[in-house]
Number of protein chains: 2
Amino acid sequence: MGARRGLTDAALDRASPVPLYYQLAENLETAIRSGSLSSGSHLENEVELARQLRVSRPTVRRAIAVLANRGLVIRRHGIGTLVVPVRVRRPVRLSSLFDDLAESGQTPTTRLLAYEVVPAPPDVSTSLQLPRGMRVLHFERLRLASGQPISLMRNFVPLALKEVVTEEGLQLTGLYRLLRQSGIHLRLASQSIGARSAQPRETRLLKVIRSAPLLTMRRISYGDAGQPVEYGSHVYPAERYSFEMSVVADSRT
Amino acid sequence: MGARRGLTDAALDRASPVPLYYQLAENLETAIRSGSLSSGSHLENEVELARQLRVSRPTVRRAIAVLANRGLVIRRHGIGTLVVPVRVRRPVRLSSLFDDLAESGQTPTTRLLAYEVVPAPPDVSTSLQLPRGMRVLHFERLRLASGQPISLMRNFVPLALKEVVTEEGLQLTGLYRLLRQSGIHLRLASQSIGARSAQPRETRLLKVIRSAPLLTMRRISYGDAGQPVEYGSHVYPAERYSFEMSVVADSRT
DNA sequence: GAGGTCAGGTTGTCATGACAACTGGTTTCT
DNA sequence: AGAAACCAGTTGTCATGACAACCTGACCTC
């Protein structure tokens with residue numbers, strides 16, 4: 001039952017503004033991903049872990065809860081906490097394609113195809129909870145990764161964000177990063193994933209064959225206060241893109 | 001700030017085996033979905049809620065955390081807890097298509113196209129963490145909703161489950177229900193959603209036009225102990241199916 | 001030998017208490 | 001009048017303590 005090293009090494013910093021439970025969760029995640037906590041093995045039990053790290057058991061539990069939510073460990077009543085014996089890949093997070101590509105080491109670029117103020121189409125005004133026909137900012141982007149087109153994105157945002165979502169900004173970075181830099185934090189999104197055949201214009205822009213299958217994603221994002229911030233309708237060439245996610249069962253069912 | 005009725009009505013049952021926090025979460029969810037807690041309104045603050053219901057504040061917080069995870073409310077430090085002002089629909093849960101269809105009032109039926117023991121293909125044995133070439137149970141089903149084909153499903157499970165996953169069972173109900181009835185509870189799945197064109201055989205079975213776009217889902221499900229239970233490779237006609245999900249941001253980011 | 005029983009270890013639930021951090025409005029000061 | 005400081009209200013974090021529920025393996029009984 002030994003081999004508990006690596007946890008006490010990266011000690012917790014009580015002076016840090018980062019909560020203890022979160023520091024602990026990150027340390028544990030690092031230990032798991034690096035392999036120092038091998039797959040299928042037991043985590044040290046909560047009481048002992050709390051004693052070693054000089055924190056309370058609720059703090060330990062909360063840290064483990066974070067990991068369980070991410071699908072990295074499984075808790076079993078009366079047994080212990082097990083490290084999930086697989087690599088579960090990047091979940092569908094509330095993140096931008098731009099950041100995802102950048103993180104995975106690619107160099108995303110953007111071609112801005114449209115940037116204009118238009119009256120909101122019916123479904124957009126409904127989604128953004130605006131009066132019918134209210135004017136909104138609309139833009140369309142072609143996203144390339146290492147020179148290859150990987151997504152065609154149409155977006156609508158309320159006109160108030162025109163100063164935040166600028167033409168220059170969109171060409172240089174991702175939408176979500178622009179929003180975040182202006183203090184707008186997205187908290188929630190509802191999205192729908194489907195598929196359809198490419199239309200002629202899409203065929204040309206995405207460089208796929210005629211009627212090639214495309215993945216489609218429709219997303220409405222909401223900010224801190226629950227206000228709708230963005231409506232997006234994106235398409236991806238199916239042969240170059242897929243959505244990966246891990247699903248965790250409700251602990252009670 | 002009145003109008004708090006409906007919460008104290010459905011009182012908490014301390015004798016019930018269902019945890020208090022979960023009872024409270026369900027009561028709150030019912031109140032939200034029924035509209036008695038209107039969209040955008042504040043929830044009563046935690047301290048007061050705890051006092052009224054005669055529970056501790058951590059219990060209230062845990063209940064609210066459940067709702068926040070489901071995307072029904074948004075918590076804001078220093079402000080309060082807001083009811084999300086939108087309808088966020090059924091997320092991608094760890095559930096079977098059969099149950100989903102049944103719940104939405106349709107009458108799912110199944111045509112069992114194959115049921116056999118075969119050596120595991122390489123990707124299957126890897127996914128199920130079995131030795132190369134180990135024999136597994138393979139079956140293929142065509143799922144219809146109200147008579148219309150809606151999914152073609154290929155699955156592989158370890159041979160040990162042959163007694164659980166029977167031919168008769170598969171024709172009458174869904175795979176997940178069969179597993180659950182035998183005490184196998186799925187806890188986690190990793191899945192990948194993509195798209196491609198229909199092959200001739202799929203065109204015929206799913207009754208779609210030649211090369212019609214299909215949604216594809218590959219899923220590996222894991223049981224209580226983290227052991228792989230099922231490998232599934234499913235396709236859906238894009239014009240009759242889409243995946244809906246809500247994404248909640250990590251509270252720390 | 002087979003079965004039931006029990007003990008030990010583990011996570012699950014809940015209470016109480018305290019202080020920190022944040023937000024928005026009000027008040028006060030310049 | 002404008003800006004800064006303050007304050008009340010709220011959620012966020014953490015500690016301590018206690019008991020319940022559950023699983024496994026060892027032991028005992030039949």
Side-chain angles (χ1 to χ4, degrees), chain A residues 1 4 12-26 28 41-69 73-83 183 185 187 223-226 249-253, chain B residues 1 4 12-26 28 41-69 73-83 183 185 187 223-226 249-253:
Chain A
M1 270 335 122
R4 198 55 54 225
L12 302 179
D13 177 8
R14 297 189 104 88
S16 160
V18 178
L20 288 176
Y21 78 89
Y22 200 79
Q23 292 183 43
L24 176 51
E26 299 233 304
L28 288 169
S41 65
H42 274 75
L43 233 58
E44 186 61 273
N45 79 65
E46 297 173 355
V47 180
E48 178 61 17
L49 213 46
R51 195 189 61 75
Q52 284 181 17
L53 298 170
R54 314 294 186 90
V55 296
S56 70
R57 192 176 152 221
T59 300
V60 172
R61 282 183 63 75
R62 191 160 177 194
I64 295 177
V66 170
L67 299 181
N69 251 332
V73 300
I74 288 183
R75 325 184 67 159
R76 296 187 62 191
H77 195 167
I79 302 295
T81 303
L82 306 171
V83 178
H185 295 91
R187 289 284 290 270
D224 268 337
D250 237 350
S251 55
R252 298 202 63 82
T253 301
Chain B
M1 269 348 112
R4 197 58 52 226
L12 302 179
D13 177 8
R14 298 188 103 87
S16 159
V18 178
L20 287 177
Y21 78 89
Y22 200 79
Q23 292 183 43
L24 176 52
E26 298 233 305
L28 287 170
S41 65
H42 274 74
L43 233 61
E44 186 61 274
N45 79 66
E46 297 173 353
V47 179
E48 178 61 17
L49 213 46
R51 196 189 60 76
Q52 284 181 17
L53 298 170
R54 317 292 187 92
V55 296
S56 70
R57 194 176 150 220
T59 301
V60 172
R61 282 183 62 75
R62 189 159 180 196
I64 294 178
V66 170
L67 299 182
N69 253 331
V73 299
I74 288 183
R75 324 184 69 160
R76 294 187 64 192
H77 196 166
I79 303 293
T81 302
L82 305 171
V83 178
H185 295 93
R187 288 284 290 269
D224 269 337
D250 237 351
S251 56
R252 299 202 61 83
T253 300

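Numbers restart at 1 for each chain; the letters A, B, ... are given by sequence-line order, proteins then strands. Since the model is a prediction, treat every value here as computed from it, not as a measurement.
- We find that CD1 of A:Ile74 is positioned 14 Å from P of C:dT11, with the value rounded to whole Å.
- As a whole-Å value, the separation of B:Ile64 CD1 from D:dT13 P is 14 Å.
- Whole-Å rounding puts the A:Arg51 CZ to C:dT10 P distance at 12 Å.
- Put simply, CG on B:Leu82 is 12 Å from C1' on D:dT11, counting in whole angstrom units.
- Between A:Asn45 and C:dT10 there is a side-chain polar atom (N or O) within less than 4.0 angstrom of OP1 or OP2.
- Using a 4.5 Å cut-off on side-chain heavy atoms (C-beta onward), A:Leu49 and A:Leu53 make contact.
- Atoms NE2 (A:His42) and C1' (C:dG9) sit 11 Å apart, rounded to a whole Å.
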Is there any protein nitrogen or oxygen under 3.5 Å from a nitrogen or oxygen in nucleotides 14-23 of chain C, and what are the pairs?
residue	atom	partner	partner atom	Å
C:dC14	OP1	B:Leu20	N	2.3
C:dC14	OP2	B:Leu20	N	3.3
C:dC14	OP2	B:Tyr21	N	3.3
C:dA15	OP1	B:Arg14	NH2	2.7
C:dA15	OP2	B:Ser56	N	2.8
C:dA15	OP2	B:Ser56	OG	2.7
C:dA15	OP2	B:Thr59	OG1	2.5
C:dA21	N3	B:His77	NE2	2.8

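- Remark: A:Thr81 is in phosphate contact with C:dT11, judged by side-chain N or O atoms under 4.0 Å from OP1 or OP2.
- B:Thr81 pairs by the side chain to side chain donor-acceptor pair (under 3.5 Å) definition with nothing, not counting sequence neighbours.
- For the salt bridge (charged side-chain N to carboxylate O under 4.0 Å, His left out) test, residues two or more places apart in sequence or in another chain that qualify with B:Glu48 are B:Arg51.
- Protein atom CG of A:Leu49 is 9 Å distant from nucleotide atom P of C:dT11, rounded to whole Å.
- With sequence neighbours excluded, the residues satisfying side chain to side chain donor-acceptor pair (under 3.5 Å) with A:Glu46 are A:Arg57, A:Arg61, A:Arg75.
- Here the shortest heavy-atom pairing between A:Leu43 and A:Val83 reads CD1-CG2, 4.0 Å.
- With sequence neighbours excluded, no residue forms a side chain to side chain donor-acceptor pair (under 3.5 Å) with B:Arg76.
- Distance, B:Glu44 CD to D:dT11 P: 9 Å, rounded to whole Å.
- Here the C1' atom of nucleotide D:dT10 and the CZ atom of B:Arg61 are 10 Å apart, to the nearest Å.
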